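Order of the sequence lines fixes the chain letters, A, B, ..., with proteins taken first and strands second; residue numbering starts at 1 for each chain. Nothing here was measured: the structure is a model prediction, and the numbers come from that model.
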Amino acid sequence: MSPSNFLSLLDSQSKLYLGFQDLSTLIPSYLHRLKLCTKHQAPSNAKKIHAQIVKSGLNQCQPLPNTLLNVYGKCNLPQDAQCLFEEMTQRDHVSWASILTAYNLAKLPNKTVSIFHYMFTIDRLQPDHFVYATLLKACASLCALRLGKQVHARFVLSPFVDDDVVKSSLVDMYAKCGLPSIARSVFDSILVKTSVSWTAMLSGYARSGLKDEAMELFLRAPARNLYSWTALISGLVQSGYCIDGCYMFIEMRREGVDISDPLVLSSVVGACSNLAVLGFGRQTHGLVIGSGYESCLFISNALVDMYAKCSDILAARNVFYRMLQRDVVSWTSMIVGAAQHGRAEEALDLYDQMVLAGVKPNEVTFIGLIYACSHAGLVIKGRKLFKAMIEDYRISPSLQLFTCFLDLLSRSGHLNEAEDLIKTMPHEPDEPSWAALLSSCKHHGNSEMGLRIADRLLNLNLLEPSTYVLLSNVYAGAGKWEQMSRVRKLMADMEVKRKPGYSSVDLGKESQVFHAGETCHPMKDEIFNLLKELDAETRKRGYVPDTSYVLHDMEEQEKERELFWHSERWAVAYGLLKAVPGTVIRIVKNLRVCGDCHAFLKLTSSIVHKEIIVRDATRYHHFKDGRCSCNDFW
DNA sequence: ATCAAGTCGA
């Protein structure tokens with residue numbers, strides 16, 4: 001046989017003789033199988049198919065590498081996606097969009113923005129509309145406004161300037177960066193608005209606290225789905241409109257929207273925490289169980305926090321110990337909850353269990369722990385924890401954590417050490433940190449240091465009314481009348497801007513709200529008489545009204561009358577009149593409990609032999625037998 | 001191949 005004949009035979013019959021086949025015919029089957037991997041979130045199958053593709057030598061044969069890249073991204077395997085991406089000899093726009101999406105999905109937006117410029121420097125490609133959208137998404141999650149604006153500028157000059165999807169991501173980027181009005185102008189320029197565009201804008205308004213704009217947009221939207229309801233409700237809750245958030249959730253239920261995803265529930269549970277509404281919180285818990293999300297980790301975390309914030313530590317513990325898995329948030333919620341309710345031992349015990357369970361604590365955990373030590377006077381333990389945090393867990397403490405530690409040192413009387421720390425710590429001290437130190441100076445009677453710190457505080461732009469009260473007391477105690485009148489003047493200016501106080505009392509089935517100075521209530525006379533009786537009895541036991549908490553300038557007797565009308569007293573009196581014997585009285589106040597009411601409530605708890613729990617704007621007070629769980633620092 | 005919703009702190 002001549003060589004040419006042999007070659008032609010080989011060409012036509014090689015498949016038969018040598019087992020060769022045209023491998024490119026396998027591509028459609030690979031693609032199909034890979035798409036199934038994405039659909040069923042089966043990364044291990046994808047890896048097997050990947051191996052087969054490499055064996056067959058088709059691994060550089062598009063669209064296989066791009067599809068593989070996509071599958072790894074969608075299955076949340078950014079490292080595998082990255083390896084593949086780097087090995088690719090020919091990368092196109094699809095490869096780039098896929099790798100950037102993989103990083104976004106894996107919550108690595110930093111990676112997205114740090115590699116995208118290689119798209120033009122190495123691969124000589126210009127971004128297309130897909131790449132613009134992924135980039136803007138990364139900017140949105142990083143709140144990277146400067147970069148976002150640069151991408152916007154480039155997009156406007158690109159051939160894709162009319163792309164509505166990119167515009168939706170621009171809306172989201174500006175909304176997340178806190179610029180809802182710019183987001184709105186982009187939103188208005190979208191020709192065909194989808195539910196994504198509407199939700200992005202809605203969420204922007206709601207999170208920025210623009211309640212009316214959010215509601216208007218929500219009502220105007222052509223359709224509503226679980227996304228838009230969740231965006232509205234969570235946005236309202238995040239910007240402090242918890243009552244509106246709960247109300248809209250009730251509306252959502254009324255419309256019969258199927259809760260096919262538990263995200264919205266975590267927001268509603270969060271709203272219950274903020275409002276400390278135990279009854280509604282319990283109902284929401286019931287709904288969580290009813291919709292089958294009881295075992296969902298982040299919902300359980302939210303429930304633990306909710307019960308702790310509603311002062312129902314038993315219920316919090318119940319949810320916590322029934323959880324099948326617990327992450328750092330679960331443990332931290334319990335630790336912080338115990339700490340805030342003055343249960344230092346329990347908080348420290350939980351920490352030991354947490355370490356044993358192999359869960360790594362974070363900064364929030366240590367805030368809870370140091371806070372617990374601070375309130376129980378456990379200086380040595382607190383110092384140990386602070387050290388362990390830095391050395392064992394490599395956490396560099398934030399200003400808040402330093403403030404917490406400063407509080408621990410100074411409360412326990414280590415004033416000089418605390419002052420050294422505030423001067424040498426790697427942060428500029430703020431109002432809370434100086435105030436913590438000053439409060440301890442006053443408590444331990446160090447007026448020399450107190451005055452030094454007071455003068456520093458006076459130079460700051462103070463936000464907390466309690467800081468003014470503290471300053472005024474320190475100056476008064478030292479006879480510095482000039483400074484004191486200056487503080488009083490600042491306080492009077494501030495009083496105008498203060499929001500009105502109210503307290504609500506939770507009696508299980510009903511709850512009542514009392515506003516400061518409220519005079520018309522059906523049970524006004526009974527409440528008034530009870531308060532007068534309690535006033536007389538507490539005075540017998542040594543209570544003297546401390547009128548330094550009254551910010552108005554008026555006569556002493558007027559001031560005492562003013563204290564008498566504080567809303568928490570009325571809520572407690574009402575609770576005492578109506579509560580079933582043997583139950584605790586739960587009060588929620590929107591402002592901080594003033595020092596005078598604090599002293600009054602301590603004595604009241606021993607007179608009526610009842611536990612009174614008050615949650616104020618900053619902490620929890622369990623009044624029992626004449627004592628308070630906050631240890632009288634607040 | 002791209003864009004929308006959630007949970008822990010002084």
Novice: Base, sugar-phosphate, or nothing: which does A/Asp261 touch, judged by heavy atoms less than 4.0 Å apart?
Specialist: base
Novice: Quick check for you: among B/dT7, B/dA1, B/dG9, whose closest atom lies nearest to any side-chain atom of A/Val329?
Specialist: B/dT7
Novice: Identify whether the distance between the nearest side-chain nitrogen and carboxylate oxygen of A/Glu255 and A/Arg224 falls below 4.0 Å.
Specialist: yes
Novice: For A/Asp128, answer base if it contacts any base atom (sugar-phosphate contacts may also be present), sugar-phosphate if it contacts only those atoms, and nothing otherwise; contact means non-hydrogen atoms under 4.0 Å.
Specialist: base
Novice: From the list B/dA5, B/dA10, B/dC3, which nucleotide is the closest neighbour of the side chain of A/Ile367?
Specialist: B/dA10
Novice: Separation of A/Asn104 atom CG from B/dT2 atom C1', in whole Å?
Specialist: 10 Å
Novice: Within a radius of less than 6.0 Å around CG of A/Leu219, do more than 12 heavy atoms belonging to other residues, nucleotides or ligands occur?
Specialist: yes
Novice: Whole angstroms only, please: what is the NE2-C1' distance between A/His93 and B/dA1?
Specialist: 11 Å
Novice: Within a radius of less than 6.0 Å around CD of A/Gln353, do more than 12 heavy atoms belonging to other residues, nucleotides or ligands occur?
Specialist: yes
Novice: Given atom CG of A/Leu369 and atom C1' of B/dC8, what is their separation to the nearest angstrom?
Specialist: 13 Å
Novice: Do the two ring centres, one from A/Phe249 and one from A/Trp229, sit under 6.0 Å apart?
Specialist: no
Novice: Could you check which of B/dG9, B/dC3, B/dT7 has an atom nearest any side-chain atom of A/Gln238?
Specialist: B/dT7
Novice: Would you kindly give the CZ-to-P distance between A/Arg615 and B/dG9, to the nearest whole Å?
Specialist: 10 Å
Novice: Picking from B/dT2, B/dT7, B/dG9, which would you name as closest to the side chain of A/Gln400?
Specialist: B/dG9
Novice: For a quick check of understanding: with a heavy-atom distance under 4.0 Å over all strands, which category does A/Lys74 fall into, base, sugar-phosphate or nothing?
Specialist: sugar-phosphate
Novice: Taking the minimum atom-to-atom distance to the side chain of A/Val94, which one of B/dA5, B/dA1, B/dC8 wins?
Specialist: B/dA1
Novice: Please classify the nucleic acid contact of A/Ser330 as base, sugar-phosphate, or nothing, using heavy-atom distances under 4.0 Å.
Specialist: nothing
Novice: Ignoring the backbone of A/Asp172, work out which of B/dT7, B/dC8, B/dA5 is nearest its side chain.
Specialist: B/dA5
Novice: Would you tell me if any nitrogen or oxygen in the side chain of A/Lys176 comes within less than 4.0 Å of OP1 or OP2 on B/dA5?
Specialist: yes
Novice: Select one nucleotide: of B/dA10, B/dC3, B/dT7, the one nearest the side-chain heavy atoms of A/Tyr371.
Specialist: B/dA10
Novice: In sequence, state the C-alpha distance, the side-chain angles, and the governing distance for A/Leu378 and A/Leu348, and then conclude on side chain to side chain contact (heavy atoms under 4.5 Å, CB included).
Specialist: CA-CA 11 Å; A/Leu378 304 170; A/Leu348 295 169; 3.7 Å; yes
Novice: What nucleic acid atoms does A/Thr403 come within less than 4.0 Å of, heavy atoms only: base, sugar-phosphate, or nothing?
Specialist: nothing
Novice: For A/Val165, answer base if it contacts any base atom (sugar-phosphate contacts may also be present), sugar-phosphate if it contacts only those atoms, and nothing otherwise; contact means non-hydrogen atoms under 4.0 Å.
Specialist: base
Novice: Does the base of B/dG9 carry an N or O that pairs as donor and acceptor with the side chain of A/Glu363 under 3.5 Å?
Specialist: yes
Novice: To the nearest Å, give me how far apart CH2 (A/Trp331) and P (B/dT7) are.
Specialist: 23 Å
Novice: Among B/dA5, B/dC3, B/dG9, which nucleotide has an atom closest to any side-chain atom of A/Lys309?
Specialist: B/dG9
Novice: Of all the nucleotides listed (B/dG9, B/dC3, B/dA1), which has the minimum atom distance to the side chain of A/Ala97?
Specialist: B/dA1
Novice: How many whole angstroms separate atom CZ of A/Arg411 from atom P of B/dA10?
Specialist: 12 Å
Novice: Would you kindly give the CD1-to-C1' distance between A/Ile335 and B/dA10, to the nearest whole Å?
Specialist: 16 Å
Novice: In this structure, how many angstroms lie between the C1' atom of B/dA4 and the CG atom of A/Leu105, rounded?
Specialist: 14 Å
Novice: Assess whether atom OH of A/Tyr393 is packed by more than 12 heavy atoms of other residues, nucleotides or ligands within 6.0 Å.
Specialist: yes
